[in-house]
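Step one of this worksheet: look at the structure below.
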Amino acid sequence: MNEQKGQIIDIETLAEALPRGARLLGLDLGTKTIGLAVSDAGLTLASPRTVIKRKKFMADLEILKALIAAENIGAIVLGLPLNMDGSEGPRAQATRAFARNMMQHVALPIVFWDERLSTVAAERSLLEQDVSRAKRAERIDSAAASFILQGVLDRLYSAGTRGT
């Protein structure tokens with residue numbers, strides 16, 4: 001079987017790797033859940049989606065593949081949980097391993113994005129919206145994925161490459 005594989009690319013090459021009109025999928029990978037966010041086709045706004053309650057990799061992958069097909073996803077942005085000093089610990093290594101596994105099954109480029117403080121920002125935003133503690137717990141991972149993805153969209157905009 002000659003199946004095409006995904007690849008890890010850097011943010012500088014994302015715009016040229018993205019097909020016209022395709023959206024970006026943002027992932028906030030946790031140990032128990034995967035937060036999801038999807039951009040609009042114009043690459044201006046990240047919107048949170050439902051959370052995947054993690055099971056086994058292949059089960060999680062099938063849900064992701066269905067979302068990729070349904071939302072016309074052209075690339076994946078994966079939050080990379082760096083330590084505050086910029087070093088990579090066990091969570092970052094697990095995220096890189098998830099990306100390597102995903103590349104074997106999904107023929108899309110993957111971009112890592114520093115997710116330091118994305119959960120803190122998401123929590124703050126939900127608090128400002130007066131979301132109850134129970135609802136915050138349900139929404140935090142997708143809100144964090146949305147912050148991660150919005151960071152990439154803003155970077156594309158500032159580089160003048162968004163929507164090209």
Rounded to the nearest 0.5 Å, how far apart are [atom1] of [X] and [atom2] of [Y]?
X      : Y     : atom1 : atom2 : result
Asn101 : Leu61 : CG    : CG    : 9.0 Å
Met58  : Ile63 : CE    : CD1   : 12.0 Å
Arg23  : Ser39 : CZ    : OG    : 6.5 Å

Minimum heavy-atom separation for [X] and [Y], please, with both atom names.
X      : Y      : value
Pro48  : Ala143 : CB-N, 4.4 Å
Ser158 : Arg155 : OG-O, 3.0 Å
Ala17  : Pro109 : CB-CG, 4.2 Å
Ala41  : Gly21  : CB-O, 3.6 Å
Phe112 : Ala99  : CZ-CB, 3.6 Å
Lys53  : Asp60  : O-OD1, 4.1 Å

Steps toward side chain to side chain contact (heavy atoms under 4.5 Å, CB included) verdict (Leu24, Ile76): CA-CA 6 Å; Leu24 293 175; Ile76 299 166; over 6 Å; no
Plane angle bin for Phe57 and Phe98 - parallel if under 30°, tilted between 30 and 60°, otherwise perpendicular: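 Perpendicular: the ring planes of Phe98 and Phe57 meet at over 60°.
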Less than 4.5 Å apart, side chain to side chain, heavy atoms only: is that true for [X] and [Y]?
X      : Y     : value
Leu153 : Val77 : no
Ile34  : Val51 : no
Leu29  : Arg54 : yes
Glu115 : Leu82 : no
Thr95  : Pro81 : yes
Ile110 : Gln7  : no
Leu18  : Leu43 : yes
Glu88  : Leu80 : yes

Backbone of Thr13 reached by a side-chain donor or acceptor of Asp10 within 3.5 Å: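 Flag set: sc Asp10 to bb Thr13 pair under 3.5 Å.
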Side-chain donor or acceptor of Ser146 paired with backbone N/O of Ala46 under 3.5 Å: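 Present.
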Listed partners of Thr33 passing side-chain hydrogen bond (donor to acceptor under 3.5 Å, both in side chains), at least two apart: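 Thr33: side-chain hydrogen bond (donor to acceptor under 3.5 Å, both in side chains) contacts with Asp141.
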Any residue meeting side chain to side chain contact (heavy atoms under 4.5 Å, CB included) with Arg100, in chain and number order, not counting sequence neighbours: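 Side chain to side chain contact (heavy atoms under 4.5 Å, CB included) list for Arg100, sorted by chain: Arg96, Ala97, Met103.
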Those residues that, when tested against Val111, pass side chain to side chain contact (heavy atoms under 4.5 Å, CB included) (two or more places apart):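 Val111: side chain to side chain contact (heavy atoms under 4.5 Å, CB included) contacts with Ile9, Ile11, Leu14.
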Passing candidate, side chain to side chain contact (heavy atoms under 4.5 Å, CB included) with Leu36, options Ile52, Leu149, Asp28: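 Per the side chain to side chain contact (heavy atoms under 4.5 Å, CB included) rule, the option paired with Leu36 is Ile52, out of Ile52, Leu149, Asp28.
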Leu67/Leu25 under side chain to side chain contact (heavy atoms under 4.5 Å, CB included): CA gap, chis, key distance, verdict: CA-CA 9 Å; Leu67 181 67; Leu25 172 63; 3.5 Å; yes
Pairing of Glu62 and Lys56 as salt bridge, 4.0 angstrom limit: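 Salt bridge between Glu62 and Lys56, a charged N being under 4.0 Å from a carboxylate O: no.
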